[in-house]
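Take a look at the structure below.
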Amino acid sequence: MITLTERQSLILKAIVRDYTEGGNPVGSKSLVQELPMKVSSATIRNEMARLEDLGLIVKTHLSSGRIPSIRGYRYYVDHILKPEKVDSRDLKVIQHSLGGEFHKIDEIVAQSADILSQLTSYTTFTLRPELKDSRLSGFRLVPLGNHQVMAILVTNNGDVENQTFTIPNDLSGDELEPVVRFIDDQLIGLPLQDVLRKLQHEIPLKLAKYLQDPDGFLDIFGSVLSKAASERFYVGGKLNLFNYTDQNDPKELQSLYSLLDQTDSLANVIGPPGQHIQVRIGNEITNDLLKNYSLITATYDVDQHGKGMIAILGPTAMPYSRMIGLMGAFQRELARKLLDYYRYFDE
C-alpha cells in the first residue's frame, strides 16, 4: 500500500487540480508558486521523481511536465480528495429545473439526466427508483376505433403506462369487458412482480373462461405490464462522450454510441444501487470500450419506494472534487423531489 508524506500529497493534489482544470502537463516551477509551504524547485523535482517511481504521475512525450496516471487519480480520490461545496448557481439550476410540474416519475428522472449533463458537459445516466414495491392500482382498455385499443395501466406510485394495440377482427370490445373486470377483481393491489408471475400460468387458465383465444389479450396486458415493471435508464448528453475520446476507428465509435442504447449493458456498467458515491476509473469500469473514462455513481434513497441511481461518465482527467460535490447535491435534491411526488399519491 502506498503512503505519501504530507508534501507529496500536496504536490499530487496540485498536479491533479492543475491538469484537470487546464489540460496541460505540470512542471516544478509552477508548483513552487502553488504549494502552501515554501520549498525549492529542486525539492519539488525530487518529490515528483518519487511520485513517478510510485506510478502516480507520468511524463508525457510533448512536455517536461507530468500528468496524473490512472493509479494517481485513484490515490487522489481515495486519500486526498475533499468534495467541493456545490456552487450556489448550480444549486439554483438544479432546484429550478426540478421545481416544475411533473405527471410521471419517469419525467422527473429523465429530466434529471438532462440537467446533470448540462451542468457537467459529460454523458449522464439516471435510473428510476426500484419497482419492487410498485403495485397495480388500475387497468383499462379504451377503444379507439378500427380495431385499435389503448391499454392503460396505473400503479400505486402514480405511474401511468399506455400502449396502443390492434385487436383481432373477431374480438370485440364487449368481449374484453369481463376480462378487465377480472383484472380489477383479482389483480388490483398486487405487486407488479407478482402479477407478472401469475401471467405465466394462473391468469391464462382463468381467462379461458372469458375468451376462446386469450393469447391476443395476454400479449396486450403482458406488454404494458412488462413496460411498467422494467428497469429504466435515461441518458443525457450522449454526444458528449465523443468529446473525450482519442478513438478514431468508426466501428469502435459506433460500438461506444450503441452502448448507450443497451439497457442490459448499461446496467452491467453502472451496477446496482450501492452506498453513497462511488468512483470507478479506467479499467475499473467493466466494459473495455470505457477504459479511458471515469464513472461516478451516486445512489439516492426514496425511503420505502426504493433506491435509484445517477451517474456521470467523463474523461479520467475530470475535476473529481467538483463533480463529487455536485453529485452529492443532485442526489439530495432529486430524492427530495421524488419524496414530494410520492407523498402526493400516498395522500
Side-chain angles (χ1 to χ4, degrees), residues 100-114 126-236 238 258 260-264 266-267 308 341-342 344-345:
E101 186 173 331
F102 298 92
H103 302 289
K104 295 171 67 176
I105 287 289
D106 290 279
E107 291 178 4
I108 301 172
V109 179
Q111 170 85 334
S112 297
D114 291 334
T126 51
L127 173 65
R128 57 171 291 158
E130 301 157 305
L131 292 161
K132 60 185 179 184
D133 293 326
S134 289
R135 295 174 180 272
L136 181 65
S137 65
F139 180 75
R140 290 291 177 269
L141 290 174
V142 180
L144 302 176
N146 294 323
H147 297 285
Q148 296 264 300
V149 296
M150 178 181 287
I152 303 172
L153 184 148
V154 184
T155 73
N156 63 310
N157 292 328
D159 286 343
V160 179
E161 292 296 340
N162 62 77
Q163 284 184 257
T164 301
F165 299 88
T166 300
I167 59 174
N169 292 338
D170 58 353
L171 187 61
S172 70
D174 290 341
E175 289 178 274
L176 290 174
E177 275 303 312
V179 178
V180 175
R181 284 199 297 273
F182 161 78
I183 290 174
D184 283 345
D185 292 341
Q186 302 290 322
L187 304 177
I188 295 300
L190 294 180
L192 296 185
Q193 297 301 330
D194 287 359
V195 180
L196 280 169
R197 281 192 291 272
K198 287 175 177 288
L199 198 57
Q200 301 302 312
H201 304 289
E202 186 178 329
I203 294 174
L205 292 174
K206 292 187 176 181
L207 286 184
K209 298 178 184 178
Y210 306 100
L211 298 171
Q212 283 189 326
D213 182 7
D215 288 349
F217 173 78
L218 288 170
D219 288 343
I220 294 173
F221 184 57
S223 178
V224 74
L225 181 65
S226 297
K227 186 179 175 186
S230 65
E231 190 172 57
R232 262 163 278 178
F233 284 96
Y234 295 93
V235 184
K238 281 186 182 182
S258 298
L260 303 182
D261 291 321
Q262 299 167 13
T263 298
D264 289 344
L266 282 180
Y341 180 92
Y342 283 124
Y344 175 80
F345 283 97

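Treat the numbers as computed from the prediction; the structure is a model and nothing was measured.
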Is there a side-chain contact between [X] and [Y] in this structure, where contact means two heavy atoms from C-beta onward sitting under 4.5 Å apart?
X: L136; Y: I183; value: yes
X: K206; Y: I203; value: no
X: L141; Y: V179; value: no
X: D184; Y: R140; value: yes

Work out which heavy atom in [X] is nearest to a heavy atom in [Y]; give both atom names and the distance.
X: R135; Y: N156; answer: N-OD1, 2.6 Å
X: G236; Y: D114; answer: CA-OD1, 3.9 Å
X: P129; Y: V109; answer: CD-CG2, 4.5 Å
X: L199; Y: G222; answer: CD2-CA, 3.4 Å
X: A113; Y: V235; answer: CB-C, 4.1 Å
X: V224; Y: E161; answer: CG2-O, 3.8 Å

inquiry  = Using side-chain contact (heavy atoms from CB on, under 4.5 Å), reason through R197 and L190 one step at a time and then give a plain yes or no.
reply    = CA-CA 11 Å; R197 281 192 291 272; L190 294 180; over 6 Å; no

ask   = What about F139 and F221, are their ring centers closer than 6.0 Å?
value =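 Between F221 and F139, which both carry aromatic rings, the centre distance is below 6.0 Å.
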
Distance from [X] atom [atom1] to [Y] atom [atom2], nearest 0.5 Å?
X: Y234; Y: Q111; atom1: OH; atom2: CD; answer: 12.5 Å
X: M150; Y: N162; atom1: CE; atom2: CG; answer: 5.0 Å
X: S112; Y: D106; atom1: OG; atom2: CG; answer: 11.0 Å

Test log, rule side-chain contact (heavy atoms from CB on, under 4.5 Å), inputs E107 and E101 = CA-CA 10 Å; E107 291 178 4; E101 186 173 331; over 6 Å; no

query = Within a reach of under 6.0 Å around NZ of K198, are more than 12 heavy atoms found that belong to other residues, nucleotides or ligands?
reply = no

